[in-house]
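Scroll down for the structure; my scribbles are underneath it.
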Amino acid sequence: FVYKHALNTGILCAILTHHLGFSYEEQLALVEAALLYDTGYLYLDSDQLTDFEDVESADYKKLCLARGEAFALLKPQTNEYHLPKMTLQVIAEMIHPANHIAHPDMKEHTWRFGTQVLRVAGCFDQMTAMRYGFEPQSEVVTMKYLFEHPDFFNSTVVQALGECINILPQGACVDLTSGDKALILETNPDDFLKPLILRFSDNQIYDLSNPETSDQLQIVDIMKTMDNRIAIDSDTLKQFVADPYIKATADRFRAQKEKISRRKNGTSAIPHA
């Protein structure tokens, strides 16, 4: 768990820092922090790899002590290993008990931006990873969790994560709040949770980026169970041609989202570090 968590979090930080415009030195420093910040888990037994949401729990306090011990091995006072200053600063913010995400007095805006990036990447990997005694959450459920806690997870970073990884790709099948299932026809670059979908129950197309539609219909999760549709081989699939209505609707949706995305990218600037 520790090895995979460190590696996956480092990869996510590399993707995010590049996407958010960090300098090359800042990218390296944050990836190093991602690889080293949670080695305190190595001081715990496998049955102690539990949920640490509760800051009052005994397991959380053990984790804080373990993280402190692991941080001390990096010799932050003398920096004998010549780690980047930003690496040590970010790890210190991540492992200090008073700065933990669940602390009621600590909000995301008090942290340096690099730490906020690592918090999002680390939480995303922990929630989606296989852990002893815990069922991993899907990427969709995890992203919803991050979006629903803007006081603890920087919304700009969470949005960037949604743009960097293909969570709901074209052709994915999803479960809806109505209890129905649907197929994603076109992704939405501005909000991956609001794509263009084809609902199976009525064979109708819905644009979830339309507020009137999204008020009534939302995506719950990626479809977990196999459906009963006939499997089609790739050669046969290449011969499929969408009917004019589906093609015209998808083309309009794609053009609208590309226009919005170009306008957004041309006028917005993201602060970093």
A quick test of your reading: do over 12 heavy atoms of other residues, nucleotides or ligands sit less than 6.0 Å from NE2 of His149? yes
Please walk me through it: do Ile197 and Leu183 pass side chain to side chain contact (heavy atoms under 4.5 Å, CB included)? CA-CA 5 Å; Ile197 65 170; Leu183 176 75; over 6 Å; no
Donor + acceptor pair across side chains of Thr213, Asp207 (<3.5 Å): no
Kindly give the heavy-atom pair with the smallest separation between Tyr81 and Leu74, and that separation in Å. CD1-O, 3.5 Å
Supply the atom-to-atom distance Leu30 CG to Glu25 CD, rounded to the nearest 0.5 angstrom. 13.5 Å
Report, as yes or no, whether the 6.0 Å neighbourhood of atom CD on Gln216 holds more than 12 heavy atoms from other residues, nucleotides or ligands. no
Is there side-chain contact between His19 and Cys164, with heavy atoms separated by less than 4.5 Å? yes
Check Gln27 against Ala14 and note the closest heavy-atom contact, atom names and distance. OE1-O, 4.4 Å
State plainly whether one hydrophobic cluster holds both Tyr24 and Ile15, where clusters connect Ile, Leu, Val, Met, Phe, Trp and Tyr through side-chain heavy atoms under 4.5 angstrom apart. no
Would you say Val31 ends up clustered with Ile11 if hydrophobic residues are merged whenever their side chains have heavy atoms under 4.5 Å apart, either directly or through other cluster members? no
Under 3.5 Å donor-acceptor, Thr9 side chain and Ala6 backbone: no
Mind checking whether Leu12 and Leu7 sit in one hydrophobic cluster, side chains of I, L, V, M, F, W, Y counted as touching below 4.5 Å? no
With a 4.5 Å heavy-atom cut-off, do Phe253 and Asn188 have their side chains touching? yes
Mind checking whether Asp221 and Ser138 have side chains closer than 4.5 Å, heavy atoms only? yes
Closest non-hydrogen atoms of Leu146 and Cys123, given as atom of the first, atom of the second and distance, are CD2-SG, 3.9 Å
Donor-acceptor check, side chain of Asp180 to backbone of Leu176, threshold 3.5 angstrom: yes or no? no
Please name the pair of heavy atoms, one in Gln159 and one in Pro189, separated by the smallest distance, quoted to 0.1 Å. NE2-O, 4.2 Å
Tested for side chain to side chain contact (heavy atoms under 4.5 Å, CB included) against Val140, the lone hit among Leu168, Val174, Asp175 is Leu168
If you take all heavy atoms of Leu16 and Val157, which pair is closest and at what distance? CD2-O, 4.0 Å
Using a 4.5 Å cut-off on heavy atoms from C-beta on, say whether the side chain of Val90 contacts that of Met94. yes
If you define the side chain from C-beta out and look only at heavy atoms, does anything of Met86 sit under 4.5 Å from Phe22? yes
Please step through side chain to side chain contact (heavy atoms under 4.5 Å, CB included) for the pair Asn154 and Phe113, ending with a clear verdict. CA-CA 9 Å; Asn154 185 294; Phe113 194 55; 3.8 Å; yes
So how far is it from Glu69 CD to Leu73 CG, rounded to the nearest 0.5 Å? 8.0 Å
Please answer whether the main-chain N or O of Leu83 pairs with a side-chain N or O of Thr87 as donor and acceptor at a distance below 3.5 Å. no
Tyr43 and Leu63, any side-chain heavy atoms less than 4.5 Å apart: no
Any side-chain donor-acceptor pair under 3.5 Å between His5 and Tyr37? yes
May I ask you to test the Cys13-Leu118 pair for a side-chain heavy-atom distance under 4.5 Å? yes
Asp38 vs Val2, side chain to side chain contact (heavy atoms under 4.5 Å, CB included): CA-CA, chis, key distance, verdict: CA-CA 7 Å; Asp38 241 356; Val2 179; 5.9 Å; no
Test Gln137 against Met127 for side chain to side chain contact (heavy atoms under 4.5 Å, CB included), laying out the working first. CA-CA 6 Å; Gln137 300 293 324; Met127 290 184 66; 4.1 Å; yes
From Thr187 OG1 over to Leu196 CG, what is the distance, rounded to the nearest 0.5 angstrom? 10.0 Å
Without swapping roles, check the side chain of Gln170 against the backbone of Leu185 for a donor-acceptor pair under 3.5 Å. yes
Donor-acceptor pair, side chain of Gln218 and main chain of Ser214, under 3.5 angstrom: yes
Test item: side-chain donor near acceptor, Glu26 and Ser23, under 3.5 Å: yes
Same cluster or not: Val117 versus Leu28, using hydrophobic residues (I, L, V, M, F, W, Y) connected whenever any side-chain heavy atoms lie under 4.5 Å apart? no
Pro84 versus Ala29, closest heavy-atom pair with distance: CB-CB, 3.8 Å
Look up atom CG in Leu208 and atom CZ in Phe192, then write down how far apart they are to the nearest 0.5 Å. 12.0 Å
Output the distance between atom CD (Gln116) and atom CD (Glu93), rounded to the nearest 0.5 Å. 8.5 Å
With a 4.5 Å cut-off on side-chain heavy-atom distances among I, L, V, M, F, W and Y, is there a chain of contacts connecting Val220 to Phe147? no
Interatomic spacing from CD1 in Ile167 to CG in Leu193 - rounded to 0.5 Å: 7.5 Å
Does any non-hydrogen side-chain atom of Ile165 lie less than 4.5 Å from one of Phe124? yes
